Amino acid sequence: MNKVYLTTAIPYVNGMPHIGHAMDYCLADVCARYHKLLGDEVRLQAGTDEHGGKIAQKAEEQNLAVEEYVDKNSGVFRDFIAKLNVDYTDFVRTTDEWHEKRCQEIWRRLKNHIYKAEYEGWYCVGCERYITEKECEENHGICPDHQKPYEKLKEENYYLRIADFRERIFEAIDSGKMKILPEFRKKEVLRLLEESPDVSISRPISQLKWGVRVPDDDSQVMYVWMDALANYITVLGYPEKDITEWWPATAQFMGKDVLRFHAIIWPAMLLGLGLELPRAIVSHGMILADGQKMSKSIGNVVNPVEVIDKHGIEAFRYYFLRHVDTFNDSDFTWEKFENAYSNELANDLGNLVQRLATLAHKNKIKEIKQAPSKLPKEYTDLMDNYEYSKAFDYAWESVQMLNRKIDEEKPWSLAKNGESLKLEECMNGLILGLLDVSKMLVPFLPITAERIQDIFSGEIMPPEVPLFPKG
RNA sequence: CGUGGGGUAGAGCAGCCUGGUAGCUCGUUUGGCUCAUAACCAAAAGGUCGUUGGUUCAAAUCCAACCCCCACAACCA
């Protein structure tokens, strides 16, 4: 039995869960359930990223203590994950005391690769942030939001020396020891790696208060990278515990927007700690609303909870795991979602279950004793390569094939002609086919797969409520 | 000259690596069936494969140039 450790990116809790977060969770959950189906032991991490100036600011806006604010929002995300029916085993909050302590220990252990340097740049007092040379030029040195000139400011930061690890990371990615998925991102990451500068990993406490203190330096607070990325191992108990049972992770899931941090900074940290690199880094695309990026200013943001409430979590998972390409950007529209529900879930699968169950019931066909066949190689190959939307397509072909087969074999006319032997043989074949499909559906639609297996065990009865009711 | 992806039937995509009658799903039209959630099955219509040039007996597929979309990034966690 293999031990499989999977991770999801931890969302920054200054906003509500959106559809992008759901992708992380759903993909990781499919992977987890697939491995369980294969008989592996699985640990699936999730969590929330809760430090930083923005959080503090938001809390203040809402007149809440920071702790109160993050408690509330972390809870919102936890509820959301539960709603997605994601079977996680570990949950980490970056404000957990144990996480902070472990982070500081990790920092200490990385000391050989950390140095302090001065950073100088244009700063807007109003925005409380540095801006790039280019942005400064474009705005003619005056902040458009605050109508104040930018100031040249200097501050001290700690930096992580990426150069110490560059060659080893390059080798790991290039050789495939640490897979970057999709494959077409690999080139991109390798190029980025070549020119990746050392990364700033702290801020002066004057600028950032809400965060983990840098050990042995009261003037500095850890910047996001150290704090957030470390969660993947602090949650396993590192450094007190030996984590080799679970580490290296089998796969780490995230959006393409944060791929670079996971493919460069994170491996650098791991190598600095003497830990192995994850086997795979899987980055998914973005969800577009009718071809456009979702954004608050356009007002086209689709609330995932609303989508779930429409037809239930199984329909949600169906759409986002099959019709959203695992690796490329994909589109969501309500019309497509409704079509998929009605044409595919209800008409293809729901109706297939209904007609087979009715046929079996009317002709007194009992539970089939034979166990379902092994998962087909085409399917496992796709699953092993994280090609989930394609694997789902493959499973669906079998659904459609079964509908065709019923029409070809016409069990109802066999019944009419009293050919009971032939009828039983035909029905057994069809039901076994459906059970095979339901097995392939387990990672994607766990509830539906279980319902199908229930319906076709013991006395076969069509369900009182169809699997996917319409109208 | 930032980096990456893409432009193929009304829509969404596959095919391109390994050149040789252009394929899938949805939608549309017609027919069939009756076990089923007016569900299912079959057939048909529908494309100068972004543009231009090149290589070749032959290019959606290889090469070159150009046009157009999109995402990510540029120390905002």
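Bear in mind that the values here come from a model prediction, so they are computed numbers and not experimental data. Residue numbers begin at 1 in each chain, while the letters A, B, ... track the order of the sequences.
- Atom-to-atom, CG of A:Asn351 to P of B:U34 comes out at 16 Å; the value is rounded to the nearest Å.
- Nucleotides B:A11 and B:G27, compared at atom P, are 16 Å apart to the nearest Å.
- Look at A:Arg355 and you won't find any side-chain N or O under 4.0 angstrom from OP1 or OP2 of B:A39.
- Mapping A:Lys416 and A:Ile10 onto RNA chain B via the closest heavy atom, the residue that lands nearer the 5' end is A:Lys416.
- The nearest whole Å value for the distance from the CG atom in A:Asp407 to the P atom in B:A43 is 12 Å.
- Contact annotation for A:Lys410: no contact, since no heavy-atom pair falls under 4.0 Å across all strands.
- Annotation: B:A22 and B:G46 have their C1' atoms spaced 13 Å apart (nearest Å).
- Relative to the side chain of A:Lys336, the nucleotides B:U37, B:G12, B:C41 differ in distance, and B:G12 lies closest.
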How does RNA chain B read in dot-bracket, base by base from 5' to 3', with Watson-Crick or G-U pairs under 3.5 Å and | used when the partner is on another strand? .(((((((.[[[[.)....(..]]]].(((((.......))))).....[[[[[..)....]]]]])))))).....
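- Taking the C1' atoms as reference points, B:A14 lies 35 Å from B:A74, given to the whole Å.
- The number of heavy atoms from other shown groups lying within 6.0 Å of CD (A:Glu97) does not exceed 12.
- If you check every strand for non-hydrogen atoms under 4.0 Å, A:Pro466 touches a base.
- Taken to the nearest 0.5 Å, the CD1 atom of A:Ile10 stands 4.0 Å off from the CG atom of A:Asn231.
- As rounded to the nearest Å, B:A9 and B:A45 have C1' atoms that lie 10 Å from one another.
- Donor-acceptor pairing under 3.5 Å is recorded for the side chains of A:Glu344 and A:Tyr318.
- Note on A:Asn347: only backbone sugar-phosphate atoms sit closer than 4.0 angstrom, heavy atoms only; bases stay farther off.
- Taking the C1' atoms as reference points, B:C13 lies 26 Å from B:U30, given to the whole Å.
- A:Glu367 and A:Ser457 share no donor-acceptor pair across their side chains, judged by distance under 3.5 Å alone.
- Between the P atom of B:C16 and the CD atom of A:Glu183 lies a distance of 16 Å, rounded to the nearest Å.
- Rounded to the nearest Å, the gap between the P atom of B:U25 and that of B:A36 is 26 Å.
- Taking atom P on both nucleotides, B:G19 is separated from B:C72 by 36 Å, rounded to a whole Å.
- Ring orientation note: the planes of A:Phe332 and A:Phe337 are tilted relative to one another, at an angle of 30° to 60°.
- For the OP1/OP2 pair of B:G4 and a distance below 4.0 Å, the side-chain nitrogens and oxygens of A:Lys186 include no atom meeting the criterion.
- When ring centroids are compared, A:Trp225 and A:Phe261 come within the 6.0 Å threshold.
- Backbone-only engagement by A:Thr358 is indicated by non-hydrogen atom pairs under 4.0 Å involving sugar-phosphate atoms exclusively.
- Distance, A:Asp393 CG to B:C26 C1': 13 Å, rounded to whole Å.
- Checked by atom type, the side-chain pair A:His311/A:Glu338 shows a donor-acceptor distance below 3.5 Å.
- Spacing between atom CZ of A:Arg185 and atom C1' of B:U3 amounts to 10 Å, rounded to whole angstrom units.
- From A:Leu27, atom CG reaches atom OG1 of A:Thr8 across 11.0 Å, with rounding to the nearest 0.5 Å.
- One interatomic measurement links the two molecules: CG of A:Asn328 to C1' of B:G7, which rounds to 14 Å at whole-angstrom precision.
- Between the NE2 atom of A:His361 and the P atom of B:A36 there is a distance of 11 Å, given to the nearest Å.
- OP1 or OP2 of B:C72 sits under 4.0 Å from a side-chain N or O of A:Lys293.
- Among the atoms of the strands shown, only primed sugar atoms or phosphate atoms (P, OP1, OP2) are found under 4.0 Å from some heavy atom of A:Tyr223.
- The nucleotide whose nearest atom lies closest to any side-chain atom of A:Phe468 is, among B:C40, B:U37, B:G4, B:U37.
- Note: A:Phe316 and A:Phe320 have tilted aromatic rings, judged against thresholds of 30 and 60 degrees for the angle between ring planes.
- A close approach under 4.0 Å does occur between a side-chain nitrogen or oxygen of A:Arg404 and OP1 or OP2 of B:A42.
- Under the 6.0 Å cut-off for aromatic ring centres, A:His18 and A:Phe80 do not qualify, their centroids lying 6.0 Å or more apart.
- Across all strands shown, A:Ala228 has no heavy atoms under 4.0 Å from either base or sugar-phosphate atoms.
- When each of B:C75, B:G27, B:U25 is scored by its nearest atom to the side-chain atoms of A:Asn343, the top-ranked nucleotide is B:G27.
- Residue A:Lys405 has no polar side-chain atom (N or O) positioned under 4.0 Å from OP1 or OP2 of B:C40.
- Both A:Gln354 and A:Arg191 sit near RNA chain B, but only A:Arg191 has its closest nucleotide nearer the 5' end.
- Closest to the side chain of A:Trp412, from the set B:U37, B:U34, B:C76, is B:U34.
- The CG atom of A:Leu467 sits 17 Å away from the P atom of B:A36 (whole-angstrom rounding).
- At B:A39, one or more side-chain N or O atoms of A:Lys470 fall inside 4.0 Å of OP1 or OP2 (strictly under the cut-off).
- One P atom belongs to B:G10, the other to B:G47, and the distance between them is 8 Å to the nearest Å.
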